[in-house]
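We count ligands from 1, going down the list as the structure has it; atoms in each ligand are counted the same way. Starting from 1, each residue takes its place in the sequence as its number. Values reported hereafter were calculated over all heavy atoms of this structure, with side chains retained and with hydrogens, waters and symmetry mates removed. Bear in mind the structure is a predicted one, so any value in this text is a computation, not a measurement.
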Amino acid sequence: MKLLALFAALFVLVSAAHAQQVALIANTDGRKTVSLDGQWQTIVDPYESGYYDYRYQPDPNGYFKNAKPKTKSDLIEYDFDSSNSLKVPGDWNTQSDQLFFYEGSVWYKKSFDYQRRPNVRLFVYFGAANYFADVYLNGEKLGQHEGGFTPFNFEITNLVRDTGNFLIVKVDNKRRRDAVPTLMTDWWNYGGLTRDVKLIETPATFVNDYFIQLQQGSRDRVVGWVKLNGAQFSQRIIVRIPEAGVAKAFETDASGTALVDFTADLKLWSPESPKLYDVTIESETDQVRDQIGFRSIETRGTDILLNGRPIFLRGVCIHEEAPFRGGRAYSREDAQTLLGWAKELGANFVRLAHYPHNEHMIREADRLGIMVWSEIPVYWTIQWENPATLENARNQLSEMIARDKNRAAVVIWSMANETPLSEARLSFLRNLFGYARTLDPTRLISAAMERHYVNAMTQLIDDPLGEYLDVLGCNEYVGWYDGLPDKADRLEWRTKYQKPLIMSEFGGDALFGNHGDASARWTEEYQENLYRHQIAMLKRIPFLRGTAPWILMDFRSPRRQLPKIQDYWNRKGLISNKGEKKKAFYVMQRYYSDLQKTRP
Ligand code: GCU
């Protein structure tokens, strides 16, 4: 008994050293978790009076204390337990009409009991919180997180108690000029704890993170690493892929990292056969299971090669808007519906715009054999000169890669969308490209750029960014913002770079059920006609290796206010937010089925 108490005390000491934010726990699926989803008590706090005093100084007795009056004369001006509640995961905007346009702070409180056990560490994991989160447990600050679309976790081993725990999160979705994204976006700024929240248990020393993928360009050499977290750093690590007869052992170094390198005869992941292997990573004190696909993705000249063979990316863009109910999508069902529609369109690729989508989306793409373009929200005109903005973008980039680096479906990391030419922007983005390549040397790097006219009929892609990308992404709206649909018939495309092009956006708005002749904007006929001319133009671009029309489904945007047509929806979807397919959907579907026959 005494030994146990000693070990427990020792353990608390060790874990105290690990309090607060730790490296993202790579895979939560294979671990014992406790979901904290459900109703959370909330306080809407537009003036942040739960955080600042009247002198706008942080208040040491803020709402994170979850204070209760001890006597009838005590003055406490808030009470979580008699306040409204909001569902987590979920944005607050679609849960209450009062909060539909709300941008500001909301305090969330979740009470829970937890049976502590010796040698077990505990973490609280957030799938995402839009935009800025201050996190507290039992009145103690765990830390904060900036960025609305990537996960983060904190260790709470030495703060959690058996009963009466209160986890409090202040979520603030106020837009800021120096933030990522910045003030102006064409999507709804859904606020809140928008993805799952859970407790994760681990052993004292556990497998914190790992990277197990094929070396770029190889079809049998698996390279990567396994990183331990805890006191017992020097351990033997065994990577097992039973189905492929793999059981390889590696030793960790002084930092608890083992470099993984072995060859194996693996069935490669592809859209036709999205093979996922059961992979186990064992250390002497821990074991993690995952489902991993192995494929190589590279470019050669203007070709994109999947597993060494040229491929055409038949894609579509998707926003993380929930089908049918609207609001921020977060569930496996949402992912299955959206990716199911993409499959129906004939897609083998999706561009998840303009921020990392939830993990269900990526894992479902892995299972369905849909390749993914994943992007950080460096969108339009970011504060390029601001070092804090760069650090923020780098952090979101590393969290995006940390979560999805073992997903075969993810083939492209995108650093930016429609950013204006300047030296400051170029050095900002070059910094991100370099960082992405160090974090993940196995995938392709891209960005959605703009083009320009060298003469009335010739478009040129010569954005200086192209120099540093593996794949060129280009957005164009010929026929919508740029002329009428038949303008596409007369256009020629040129590029400065011998690299593959993905037309990362094109399209136009149509309200489902709104009919008229093909020259009438907002009608299905106009959109259908636009797509016909687009496809004819796309077929004439010799270095085109992928297309991703904007967009699969209508999505909410505060910039779209045309009554009875937009009503705060961007109507460029091929499908309405109620799942109704517009005429253009079938034009695109036919193009993709032809492509499937001619360019598998
Ligand atoms: C832009 C942008 C999208 C936007 C779209 C549109 O190109 O990248 O985020 O929604 O065009 O105007 O509909």
Side-chain angles (χ1 to χ4, degrees), residues 130 148-149 175 179-190 315-321 326 328-329 338 350-357 373-382 412 414-421 425 429 446-452 459 461 463 465 469 471-485 488 501-512 521-524 526-527 530-531 534 538 546-562 565-577 582 584-585 588:
N130 192 47
F149 304 100
R175 288 168 294 124
V180 179
T182 182
L183 294 171
M184 184 65 84
T185 69
D186 191 29
W187 68 81
W188 206 268
N189 184 23
Y190 290 122
V316 67
C317 294
I318 302 181
H319 251 303
E320 199 180 39
E321 185 85 47
R328 190 55 77 211
L338 293 167
V350 289
R351 175 183 176 210
L352 302 181
H354 292 289
Y355 38 76
H357 286 211
W373 160 309
S374 185
E375 183 165 292
I376 51 173
V378 174
Y379 181 91
W380 289 347
T381 313
I382 294 282
I412 295 175
S414 168
M415 303 302 121
N417 180 75
E418 292 186 356
T419 49
L421 305 187
R425 167 253 197 185
L429 293 176
S446 190
M449 302 178 289
E450 295 173 299
R451 77 262 134 78
H452 67 98
Q459 317 257 337
I461 299 173
D463 182 322
L465 280 190
L469 303 177
V471 173
L472 309 172
C474 185
N475 296 357
E476 54 88 7
Y477 281 93
V478 176
W480 187 256
Y481 298 124
D482 174 6
L484 296 175
L501 168 68
I502 294 176
M503 204 60 88
S504 42
E505 285 183 37
F506 57 94
D509 289 64
L511 175 65
F512 175 79
R521 288 201 182 244
W522 312 109
T523 63
E524 289 193 45
Y526 186 105
Q527 190 190 43
L530 180 150
Y531 270 82
Q534 278 293 311
L538 294 166
T547 50
W550 188 261
I551 184 163
L552 179 70
M553 186 190 87
D554 293 355
F555 61 96
R556 272 211 183 89
S557 165
R559 301 177 69 248
R560 309 296 171 173
Q561 295 130 358
L562 187 61
I565 297 275
Q566 294 178 315
D567 295 322
Y568 294 115
W569 290 88
N570 183 312
R571 298 290 184 193
K572 292 191 178 69
L574 294 169
I575 300 177
S576 76
N577 49 297
K582 304 175 190 177
F585 177 93
M588 209 59 211

Novice: Check for me whether the distance between the ring centres of Phe149 and His354 falls short of 6.0 Å.
Specialist: no
Novice: Kindly determine whether Asp554 and Ser576 satisfy side chain to side chain donor-acceptor pair (under 3.5 Å), including the steps that lead there.
Specialist: CA-CA 5 Å; Asp554 293 355; Ser576 76; 5.4 Å; no
Novice: Do Glu505 and Tyr477 pair up side chain to side chain, a donor and an acceptor below 3.5 Å, judged on atom types alone?
Specialist: yes
Novice: Heavy-atom contacts with ligand 1 below 4.0 Å: which residues, ordered by chain and residue number?
Specialist: Asp186, His354, Tyr379, Asn417, Glu418, Asn475, Tyr477, Tyr481, Glu505, Trp550, Phe555, Arg560, Asn570, Lys572
Novice: With sequence neighbours left out, write down each residue that passes side-chain contact (heavy atoms from CB on, under 4.5 Å) with Ala329, or none if nothing qualifies.
Specialist: Glu320, Ala322, Asp334
Novice: Which residues pass the side chain to side chain donor-acceptor pair (under 3.5 Å) test with Gln566, not counting sequence neighbours?
Specialist: none
Novice: What residues form a ring pair (Phe, Tyr, Trp, His ring centres under 6.0 Å) with Tyr526, not counting sequence neighbours?
Specialist: Trp480
